[in-house]
**Q** 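Pasting a structure below so you can have a look.
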Amino acid sequence: MKIPPVKGTRDFYPAGMAVRNWIIDGWKRVSLRNGFEEYDGPIFEYLKMFQIKSGDEIAEQLFSFQDRGGRDLAIRPEITPTLARMVNQQINSLPRPIKWFSVPRLCRAERPQKGRLREFFQWNIDIIGIDDVLADAEVIFTTVDYLRDVGLTSSDIKVKISSRKLLAAVLTKVGVAKEQFDSLYALLDKKAKLPAETFSALLAEQVPDAARAEKVRAFVELKNVSEIKNVVPYKMGSDVDDAINEMAECIRLLDIMDVGDYCVFDPSIVRGLAYYTGIVFEVHDVVGQLRAIGGGGRFDNLLHDFGGPSIPATGMGMGDCVLEILLREKGLLDESVLRKELDFFVIDLTVERRDSDGVLSEDEAVRLTARLRSLGLSAEFSYKSAGLGKQLKEASSRNAKKCIIIGDEFKNGELVVKDMATGEQELVKLDELLKQLQA
RNA sequence: GUGAGAGUAGCUCAGUUGGAUAGAGCACCGGGUUGUGGUCCCGGGGGUCGCGGGUUCGAAUCCCGUCUCUCACCCCA
């Protein structure tokens with residue numbers, strides 16, 4: 001009986017595993033050079049932990065189960081609650097700022113579609129304990145640092161940055177009631193996907209006052225922080241003023257960090273859930289055909305919501321699915337990046353003539369390969385005792401840099417070392433070769 | 001949860017108004033070639049045409065059911 005793979009999961013054959021490792025190694029490398037330390041938690045937690053900051057609808061998209069002791073558990077759909085739990089547990093002994101990263105494997109019982117699977121990897125970085133917008137900028141910089149590192153340019157992707165604080169201040173100033181915010185956020189979040197007329201119609205439903213609706217529409221279409229005053233006049237020291245200054249400072253810092261060309265102010269970015277409190281951002285492909293590559297923002301109430309003290313936090317999450325699609329589209333995942341390399345392929349031609357020449361041993365290829373490996377080099381031999389041509393062919397298909405041929409010359413302790421790229425070959429004494437490789 | 005599309009070899013796909021033993025390219029294995037590879041030539045293995053039923057002398061092809069996958073919506077932590 002053939003059993004198919006479970007919906008929304010992936011089998012990582014060696015080629016796919018190479019891609020996955022390449023992506024994850026990049027995430028880790030960039031996290032470390034940006035000063036983040038790695039952490040991880042269990043892949044399942046108490047179900048209720050995932051219900052704290054998310055509504056029931058999201059709880060329905062969990063893989064949950066009961067253990068034999070009757071505990072309600074769930075496979076983690078995100079790692080932020082685990083982070084909050086871990087930080088809260090040791091909050092008084094952790095040096096600040098807490099700059100941590102993780103690459104958890106996550107599961108969500110959603111219906112899979114392009115760029116969204118039921119099991120995936122997600123890079124998370126968080127800075128906890130810093131109120132300053134500099135921390136938000138550093139999170140965004142680290143995100144761009146990675147994307148730029150793997151070859152994506154500012155004409156491939158943009159980080160769209162906004163601020164929940166600014167949005168709330170502007171909406172208040174415009175005269176929208178606080179109770180309306182959440183449903184309005186949901187609409188604004190959808191703006192990019194909707195035709196302009198549909199958006200206007202839906203906006204009119206939520207904000208019946210035409211003048212107010214027009215101000216909201218004008219605000220979310222702004223491309224520049226300095227233009228806000230044209231839509232919503234404000235006073236020095238007001239909430240709007242504070243939020244604008246913070247937003248402008250974030251953008252100024254990103255310019256100083258030399259990633260300004262990747263970043264744009266986009267007030268229509270709000271992010272799904274209500275727990276963001278300040279700067280929010282999403283990374284999108286410029287063409288806009290894919291779902292968000294990553295996103296994040298400030299969530300100053302999170303630790304408190306998980307039973308800890310009120311400590312500010314800001315962070316980012318990026319999944320591997322959309323990223324891989326984009327990298328493939330841009331030709332940044334070509335074989336040369338991922339092809340496995342072999343330092344040496346050892347060919348023994350003495351095998352079949354051993355009987356007529358007792359000096360030679362059929363074990364030489366195995367012996368030499370093992371010595372090369374113990375020197376830290378990757379080395380292979382053929383399981384088949386085929387002719388030289390066949391074995392060189394095998395070496396080529398294994399992408400060997402060099403071949404070592406054990407032939408007649410081995411009677412004098414000499415080996416042929418062939419460079420597979422240039423085709424050049426030389427006779428080398430075995431001891432000299434090993435001495436050379438050891439150095 | 002709602003809607004649309006697609007299922008033929010490991011992969012990408014052809015398969016005419018229903019017709020004989022279901023094909024190609026790539027991949028894999030072997031040979032050409034027992035001391036010189038990558039390109040080339042020849043050969044081989046691999047299929048319950050998603051599954052079940054129906055129509056028919058005859059079904060990959062037509063009909064019904066069913067399963068699975070993909071895409072979009074909802075949602076997106």
Side-chain angles (χ1 to χ4, degrees), chain A residues 1-9 11 13 15-16 45 49-62 74 76-84 104 106-118 120 122 124 185-186 189-190 193-194 270-276 280 282 289-297 299 302 305 315-319 321-322 325 345 347-353 356 382-410 415-425 427:
Chain A
M1 184 169 76
K2 246 193 215 167
I3 299 172
V6 175
K7 182 204 287 282
T9 64
D11 292 329
Y13 288 83
E45 296 269 4
M49 206 169 79
F50 300 119
Q51 296 170 320
I52 290 177
K53 75 168 196 181
S54 321
D56 286 341
E57 183 148 4
I58 274 167
E60 282 170 20
Q61 297 182 332
L62 290 172
R76 62 187 179 188
E78 56 169 335
I79 202 171
T80 309
T82 302
L83 170 69
L106 307 175
C107 293
R108 297 175 184 176
E110 300 172 296
R111 188 168 293 198
Q113 48 193 280
K114 190 175 183 185
R116 187 167 82 177
L117 299 172
R118 288 182 157 194
F120 56 96
Q122 189 186 62
N124 281 252
Y185 286 167
D189 198 37
K190 234 174 280 180
K193 286 172 105 175
L194 297 172
V270 290
R271 305 276 297 151
L273 249 65
Y275 69 87
Y276 287 104
V280 287
E282 281 180 3
Q289 289 304 305
L290 301 173
R291 58 183 64 244
I293 298 155
F299 41 98
L302 187 78
D305 290 345
M316 185 281 304
M318 177 188 297
C321 303
V322 178
I325 292 169
F345 192 88
I347 299 171
D348 191 348
L349 298 173
T350 65
V351 178
E352 287 169 310
R353 275 162 295 172
S356 60
S382 178
Y383 274 98
K384 290 172 285 198
S385 57
L388 182 57
K390 270 281 183 294
Q391 294 211 42
L392 284 170
K393 195 172 199 151
E394 188 174 344
S396 281
S397 71
R398 303 279 219 109
N399 208 30
K401 287 184 222 161
K402 292 188 174 177
C403 276
I404 296 177
I405 303 164
I406 303 171
D408 290 338
E409 309 86 349
F410 194 65
L415 301 161
V416 175
V417 178
K418 183 183 176 77
D419 186 300
M420 295 300 280
T422 64
E424 287 168 22
Q425 51 189 60
L427 265 179

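All figures in this text were calculated on a predicted structure; none of them were measured in a lab. Numbers restart at 1 for each chain; the letters A, B, ... are given by sequence-line order, proteins then strands.
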**Q** What integer number of Å spans the C1' atoms of A60(B) and G52(B)?
**A**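 Approximately 16 Å lies between the C1' atom of A60(B) and that of G52(B).
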**Q** Looking for any heavy atom pair under 4.0 Å, which part of the strands does Gly317(A) touch: base, sugar-phosphate only, or nothing?
**A**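 Here Gly317(A) touches no strand at all.
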**Q** Identify, with sequence neighbours excluded, every residue that meets salt bridge (Lys or Arg N to Asp or Glu O under 4.0 Å) alongside Arg271(A).
**A**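 With sequence neighbours excluded, Arg271(A) shows a salt bridge (Lys or Arg N to Asp or Glu O under 4.0 Å) to Glu282(A), given in chain and number order.
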**Q** Does Gln425(A) reach a base, just sugar-phosphate, or nothing at all? Heavy atoms under 4.0 Å.
**A**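 Answer is base: heavy atoms of Gln425(A) come under 4.0 Å of a base.
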**Q** When all nucleic acid strands are considered with a 4.0 Å heavy-atom cut-off, which category describes Glu409(A): base, sugar-phosphate, or nothing?
**A**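 Result for Glu409(A) = base.
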**Q** Between atom CE in Met420(A) and atom P in G38(B), what is the gap in whole Å?
**A**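 Atom CE in Met420(A) sits about 9 Å away from atom P in G38(B).
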**Q** Take atom C1' in G5(B) and the same atom in C28(B), then report the distance between them in whole Å.
**A**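 Comparing C1' positions in G5(B) and C28(B) gives a spacing of 32 Å.
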**Q** Is there any protein nitrogen or oxygen under 3.5 Å from a nitrogen or oxygen in nucleotides 25-32 of chain B, and what are the pairs?
**A**
residue : atom : partner   : partner atom : Å
G30(B)  : OP1  : Lys384(A) : NZ           : 3.4

**Q** What protein N or O atoms touch nucleotides 66-69 of chain B N or O atoms at under 3.5 angstrom, if any, and at what distances?
**A**
residue : atom : partner : partner atom : Å
C69(B)  : OP2  : Lys7(A) : NZ           : 2.9

**Q** What does nucleotides 72-77 of chain B look like as a protein-contact string, B for base, S for sugar-phosphate only, - for none, at under 4.0 angstrom between heavy atoms?
**A** BBBBBB
**Q** Please measure how far the C1' atom in G46(B) lies from the corresponding atom in U34(B), and state the result in whole Å.
**A**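 Taking atom C1' in both G46(B) and U34(B), they lie 31 Å apart.
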**Q** Could you measure between the two C1' atoms, the one in A6(B) and the one in G45(B), and give it in whole Å?
**A**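 29 Å, rounded to whole Å.
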**Q** Suppose you measure atom P in A22(B) against the same atom in U61(B); what distance do you get, rounded to whole Å?
**A**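 It comes out at 14 Å once rounded to the nearest Å.
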**Q** Within this structure, what is the CG-CG distance for the pair Leu106(A) and Asn124(A), rounded to the nearest 0.5 Å?
**A**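 Leu106(A) CG to Asn124(A) CG: 7.0 Å, rounded to 0.5 Å.
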**Q** Between U33(B) and G15(B), how many Å separate the two C1' atoms, rounded to a whole number?
**A**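 Their C1' atoms lie roughly 38 Å apart.
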**Q** What do the steps show when you test Val416(A) against Leu427(A) for side-chain contact (heavy atoms from CB on, under 4.5 Å), and what is the final call?
**A** CA-CA 5 Å; Val416(A) 175; Leu427(A) 265 179; 3.9 Å; yes
**Q** According to the Watson-Crick and G-U wobble definition with distances under 3.5 Å, which dot-bracket string, read 5' to 3', encodes RNA chain B, using [ ] for crossing pairs and | for pairs with another strand?
**A** (((((((..((((.....[...)))).(((((.......))))).....(((((..]....))))))))))))....
**Q** Closest approach of Cys403(A) and Met420(A), non-hydrogen atoms and distance?
**A**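 That closest heavy-atom pairing would be SG-SD, 3.6 Å.
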**Q** Which residues pass the side-chain hydrogen bond (donor to acceptor under 3.5 Å, both in side chains) test with Arg111(A), sequence neighbours left out?
**A**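 Per chain and number, Arg111(A) pairs via side-chain hydrogen bond (donor to acceptor under 3.5 Å, both in side chains) with no residue.
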**Q** Quick check: closest heavy atoms across Asp11(A) and Pro5(A), and the distance to 0.1 Å?
**A**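 Asp11(A) and Pro5(A) have their closest heavy atoms at OD2-CB, 4.1 Å.
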**Q** Run the numbers on Phe345(A) and Ser382(A) for side-chain contact (heavy atoms from CB on, under 4.5 Å), then give the verdict.
**A** CA-CA 8 Å; Phe345(A) 192 88; Ser382(A) 178; 3.9 Å; yes
**Q** Show, in sequence, the C-alpha distance, side-chain angles and deciding distance for Leu290(A) and Lys114(A), and conclude whether the side-chain contact (heavy atoms from CB on, under 4.5 Å) test is met.
**A** CA-CA 8 Å; Leu290(A) 301 173; Lys114(A) 190 175 183 185; 4.2 Å; yes
**Q** With rounding to whole Å, what would you report as the distance between C67(B) and G31(B) at their P atoms?
**A**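 Between the two P atoms, the distance is 49 Å.
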**Q** Test for a donor-acceptor pair under 3.5 Å between the base of G38(B) and the side chain of Ser396(A), counting only N and O atoms.
**A**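 Such a pair does not exist between side chain and base.
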**Q** Which heavy atom of Leu62(A) sits nearest to which heavy atom of Ala74(A), and what is that distance?
**A**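 It is CD1-CB, 4.3 Å.
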**Q** Work out which heavy atom in Leu392(A) is nearest to a heavy atom in Ile347(A); give both atom names and the distance.
**A**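 The answer is CD2-CD1, 3.9 Å.
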**Q** Counting distance only, does the side-chain N/O of Arg118(A) pair as donor-acceptor with the main-chain N or O of Glu110(A) below 3.5 Å?
**A**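 Yes, the answer is positive, given that a donor and an acceptor are paired below the 3.5 Å cut-off.
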**Q** Thr80(A) and Leu302(A): which non-hydrogen atoms are nearest, and at how many Å?
**A**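 The pair with the smallest heavy-atom distance is CG2-CD2, 3.3 Å.
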**Q** How far does CG of Asp348(A) sit from CZ of Phe410(A), to the nearest 0.5 angstrom?
**A**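 That separation rounds to 8.0 Å.
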**Q** Rounding to an integer number of Å, can you tell me how far Ile404(A) CD1 sits from G35(B) C1'?
**A**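 Atom-to-atom, Ile404(A) to G35(B), this comes out as 16 Å.
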**Q** Test side-chain contact (heavy atoms from CB on, under 4.5 Å) on Glu78(A) and Arg108(A); report intermediate values, then the result.
**A** CA-CA 9 Å; Glu78(A) 56 169 335; Arg108(A) 297 175 184 176; 4.1 Å; yes
**Q** If the C1' atom of A9(B) is compared with that of C29(B), how far apart are they to the nearest Å?
**A**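 Their C1' atoms lie roughly 15 Å apart.
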**Q** Heavy atoms only: give me the nearest Gly8(A)-Leu117(A) pair and the separation to one decimal.
**A**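 The pair with the smallest heavy-atom distance is O-CB, 3.3 Å.
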**Q** Round to a whole Å and report the spacing from CD of Glu60(A) to C1' of G1(B).
**A**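 In whole Å, G1(B) C1' lies 9 Å from Glu60(A) CD.
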**Q** Rounding to a whole Å, what distance do you find between Glu424(A):CD and G37(B):C1'?
**A**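 Going from CD in Glu424(A) over to C1' in G37(B) covers 15 Å.
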**Q** Rounded off to whole Å, could you give me the CG-to-C1' distance for the Asp408(A) and U36(B) pair?
**A**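 Going from Asp408(A) (CG) to U36(B) (C1'), I get 14 Å.
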**Q** In whole Å, what is the span from the CG atom of Leu388(A) to the C1' atom of G35(B)?
**A**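 Value for this atom pair: 5 Å.
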